[in-house]
Colleague: 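My questions all concern the structure below.
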Amino acid sequence: MSSSNKLQLCMIIAASLVAVAVAGNFYRDAQMYFGNGRGQVMDGGKMIALKLDKESGSGFQSKNEYLFGRFDMQLKLVPGNSAGTVTTFYLSSLGEGHDEIDFEFLGNVSGQPYTVHTNVYSQGKGNKEQQFHLWFDPTAAFHTYTILWNPQRIIFMVDNNPIRVFNNHESIGIPFPKNQPMRVYCSLWNADEWATQGGLVKTDWSHAPFTAYYRNFNANACVVTNGVSSCNSIAAQSPSSSNQEWQTQGLDAKGRNRVRWVQSKHMVYNYCADAKRFPQGFSAECKRSRF
């Protein structure tokens with residue numbers, strides 16, 4: 001085979017591998033866990049519509065449990081008057097001392113921006129909230145939201161732009177989620193007692209059912225089965241390979257600049273600046289680098 005033909009074959013194989021990596025199918029990868037039929041798999045398993053009415057919301061979870069990985073999901077949020085509604089994409093373990101990494105999208109009255117609520121729980125303790133307003137309309141089209149979780153840090157991304165980094169600060173006594181496998185959860189539910197303007201604006205049920213759409217789920221991650229991680233079998237591979245880049249990924253100069261821009265222009269709440277809520281002083285990691 002000529003060198004040009006070999007190159008062409010390699011490109012074809014690489015393209016097919018990439019296609020497999022991103023072509024999540026909800027029939028294969030997920031299952032509904034509440035909603036009594038309000039969640040609907042569509043387009044041959046490529047998309048899920050979650051609905052919320054006055055009786056119930058709906059949600060689905062990944063069939064697999066994971067311990068570290070990069071998790072991408074495209075969402076199109078509830079349009080119009082979405083006050084009181086919460087659309088979620090998050091990782092969580094179970095139990096009283098659970099770990100959790102949250103994207104929650106808090107609805108608002110028509111014309112007002114969604115609030116993107118992020119939080120990190122470890123060993124059952126959270127209180128690490130940061131909130132943002134997006135620089136686009138998240139109801140007009142699908143956008144990609146990413147949770148990258150490795151032993152060094154957690155990075156929240158929107159359309160591949162980092163908006164927040166939560167570093168592992170166990171060295172100064174801050175718990176970090178690293179021992180409990182977590183599933184991916186997605187849901188649409190009513191939380192009008194707190195979600196919109198602190199609960200001042202309630203859900204207008206005349207607009208129900210509310211609908212949010214999910215598609216293109218991809219988990220490039222370590223699957224845990226019976227306590228054994230799939231990454232154990234590939235530990236000898238270079239972490240710099242394309243499939244394992246997330247295992248050590250941090251922010252380069254461009255990424256740090258992007259976080260600075262997002263947080264200076266679009267952050268609307270930071271637990272590290274809420275002296276009224278934490279009069280005893282801020283958590284120790286607040287004094288460390290954001291990156």
Side-chain angles (χ1 to χ4, degrees), residues 34-35 38 50-59 73 75-92 98-122 124-140 143 145 147 154 156-158 163-166 185-212 259 261-283 285-286 290:
F34 84 101
R38 290 174 177 81
L50 293 183
K51 293 186 182 296
L52 164 68
D53 58 33
K54 201 168 185 178
E55 300 302 317
S56 177
S58 52
M73 186 80 75
L75 281 77
K76 186 163 69 170
L77 302 180
V78 175
N81 186 351
S82 58
T85 70
V86 178
T87 306
T88 71
F89 163 46
Y90 65 102
L91 303 173
S92 184
H98 78 294
D99 293 343
E100 185 171 323
I101 306 170
D102 292 338
F103 261 123
E104 295 185 324
F105 304 89
L106 313 183
N108 216 328
V109 294
S110 298
Q112 297 298 311
Y114 263 81
T115 297
V116 180
H117 176 98
T118 65
N119 200 0
V120 175
Y121 287 78
S122 185
K125 297 180 180 179
N127 296 330
K128 310 294 186 186
E129 300 93 341
Q130 289 184 354
Q131 296 181 341
F132 307 84
H133 286 162
L134 295 169
W135 50 95
F136 54 82
D137 180 357
T139 73
H143 291 268
Y145 303 90
I147 297 170
I154 296 162
F156 297 83
M157 290 184 273
V158 176
I163 66 169
R164 178 184 182 181
V165 180
F166 184 84
Y185 292 89
C186 298
S187 59
L188 174 60
W189 53 290
N190 178 52
D192 65 1
E193 71 275 9
W194 63 269
T196 303
Q197 298 178 31
L200 295 177
V201 182
K202 303 300 182 181
T203 304
D204 183 348
W205 293 110
S206 68
H207 295 281
F210 303 97
T211 306
V259 170
W261 177 81
V262 171
Q263 295 195 353
S264 66
K265 300 292 185 181
H266 299 283
M267 179 184 281
V268 295
Y269 178 82
N270 182 5
Y271 75 104
C272 286
D274 192 344
K276 183 177 180 180
R277 183 181 172 198
F278 301 105
Q280 74 281 9
F282 301 129
S283 186
E285 77 274 7
C286 293
R290 290 175 293 170

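If you read the sequence from its start, that first residue is 1, and numbering goes on from there.
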Colleague: Hey, does the side chain of N190 reach the backbone of T85 with a donor-acceptor pair shorter than 3.5 angstrom?
Modeller: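 No: the side chain of N190 does not pair with the backbone of T85.
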Colleague: Look at the side chain of S187 and the backbone N and O of T88, then say whether any donor-acceptor pair between them is shorter than 3.5 Å.
Modeller: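 Pair absent, no side-chain N/O of S187 close to backbone of T88.
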Colleague: May I ask you to decide if W261's main-chain N or O and S264's side chain share a donor-acceptor pair within less than 3.5 Å?
Modeller: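 Yes, S264 side chain to W261 backbone: donor-acceptor pair under 3.5 Å.
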Colleague: Once you round to the nearest 0.5 Å, how far does CG of L91 lie from CD1 of I101?
Modeller: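 CD1 of I101 is found 5.0 Å from CG of L91.
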Colleague: Please find out if less than 6.0 Å separates the ring center of H143 from that of F136.
Modeller: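 Between H143 and F136, the centre distance is under 6.0 Å.
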Colleague: Hey, are Y271 and N127 close enough side-chain-wise for a donor-acceptor pair under 3.5 Å?
Modeller: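 No pair is found: no donor N or O on one side chain lies under 3.5 Å from an acceptor on the other.
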Colleague: Taking T196 for its side chain and G107 for its backbone only, find out whether a donor-acceptor pair lies under 3.5 Å.
Modeller: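 Side chain of T196 to backbone of G107, a donor-acceptor pair under 3.5 Å: yes, one is there.
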Colleague: Where is the tightest heavy-atom contact between A195 and G84, given as atom of each residue plus distance?
Modeller: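 Reported closest heavy-atom pair: CB-O, 4.1 Å.
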Colleague: Would you say the side chain of V259 lies within less than 4.5 Å of the side chain of I163, judging by non-hydrogen atoms?
Modeller: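 I163 vs V259: side chains apart.
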Colleague: Taking D192 for the side chain and T203 for the main chain, is one N or O donor matched with an acceptor at less than 3.5 Å?
Modeller: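 Yes; judged by distance alone, with no hydrogens or angles, the pair exists.
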Colleague: Would you say the ring centroid of H133 lies under 6.0 angstrom from that of Y114?
Modeller: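 No; Y114 has its ring centre 6.0 Å or more from that of H133.
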Colleague: Quick one: does D102's side chain have a donor or acceptor within less than 3.5 Å of a partner on E104's backbone?
Modeller: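 Between the backbone of E104 and the side chain of D102 there is no qualifying donor-acceptor contact (under 3.5 Å).
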Colleague: Looking only at heavy atoms, what is the nearest atom pair of I147 and F103, with distance?
Modeller: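 Taking I147 first and F103 second, the nearest heavy atoms are CG1-CD1, 3.9 Å.
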Colleague: So does N81 get a backbone contact from the side chain of S110, meaning a donor-acceptor N/O pair under 3.5 Å?
Modeller: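 Yes, because the side chain of S110 sits within donor-acceptor range (under 3.5 Å) of the backbone of N81.
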Colleague: Should W194 and L106 count as side-chain neighbours, where that means a heavy-atom distance under 4.5 Å?
Modeller: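 Heavy-atom side-chain distance check passes, below 4.5 Å.
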Colleague: Given side chains that start at C-beta, do those of M267 and R164 come closer than 4.5 Å, heavy atoms only?
Modeller: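 A side-chain contact is absent here, since even the closest heavy-atom pair is not under 4.5 Å.
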Colleague: Starting from the C-alpha separation in whole Å, work towards a yes-or-no answer on side chain to side chain contact (heavy atoms under 4.5 Å, CB included) for F156 and Q130.
Modeller: CA-CA 11 Å; F156 297 83; Q130 289 184 354; over 6 Å; no
Colleague: Might you work through the side chain to side chain donor-acceptor pair (under 3.5 Å) test for K128 and S122, ending with a clear yes or no?
Modeller: CA-CA 10 Å; K128 310 294 186 186; S122 185; over 6 Å; no
Colleague: Do NZ/NE/NH1/NH2 and the carboxylate oxygens of E100 and K125 come within less than 4.0 Å?
Modeller: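 The answer is no: the pair does not qualify as a salt bridge.
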Colleague: Report, as yes or no, whether the 6.0 Å neighbourhood of atom NZ on K202 holds more than 12 heavy atoms from other residues, nucleotides or ligands.
Modeller: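 More than 12 within 6.0 Å, yes.
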Colleague: State, to 0.1 Å, how close L188 and F210 come at their nearest heavy-atom pair, and which atoms those are.
Modeller: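 Shortest heavy-atom separation between L188 and F210 comes out as CD2-O, 3.5 Å.
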Colleague: Given side chain to side chain contact (heavy atoms under 4.5 Å, CB included), test N108 with Q197 step by step and report yes or no.
Modeller: CA-CA 8 Å; N108 216 328; Q197 298 178 31; 3.4 Å; yes
Colleague: Are side-chain heavy atoms of T87 and V78 found at a separation under 4.5 Å?
Modeller: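 T87 reaches V78 side chain to side chain.
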Colleague: Under 3.5 Å, is there a donor-acceptor pair between the T211 and K51 side chains?
Modeller: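 Short answer, yes.
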Colleague: To the nearest 0.5 angstrom, please state how far the CE atom of M157 sits from the CD1 atom of I154.
Modeller: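 Here the rounded value is 12.0 Å.
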Colleague: May I have the step-by-step check of side chain to side chain contact (heavy atoms under 4.5 Å, CB included) for N119 and H117, ending in yes or no?
Modeller: CA-CA 7 Å; N119 200 0; H117 176 98; 4.2 Å; yes
Colleague: Check whether the ring centres of Y145 and F105 lie less than 6.0 Å apart, and answer yes or no.
Modeller: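 Centroid distance Y145-F105: below 6.0 Å, so yes.
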Colleague: Using the side chain to side chain contact (heavy atoms under 4.5 Å, CB included) rule, take Y269 and T115 through it: C-alpha gap first, then chi angles, then the decisive distance, then the call.
Modeller: CA-CA 10 Å; Y269 178 82; T115 297; over 6 Å; no
Colleague: Please tell me whether Y185 and Y90 form a close aromatic pair, meaning their ring centres lie under 6.0 Å apart.
Modeller: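 That pair passes the under 6.0 Å test.
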Colleague: Less than 4.5 Å apart, any side-chain heavy atom of C186 and any of M73?
Modeller: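 SC-SC contact between C186 and M73 confirmed.
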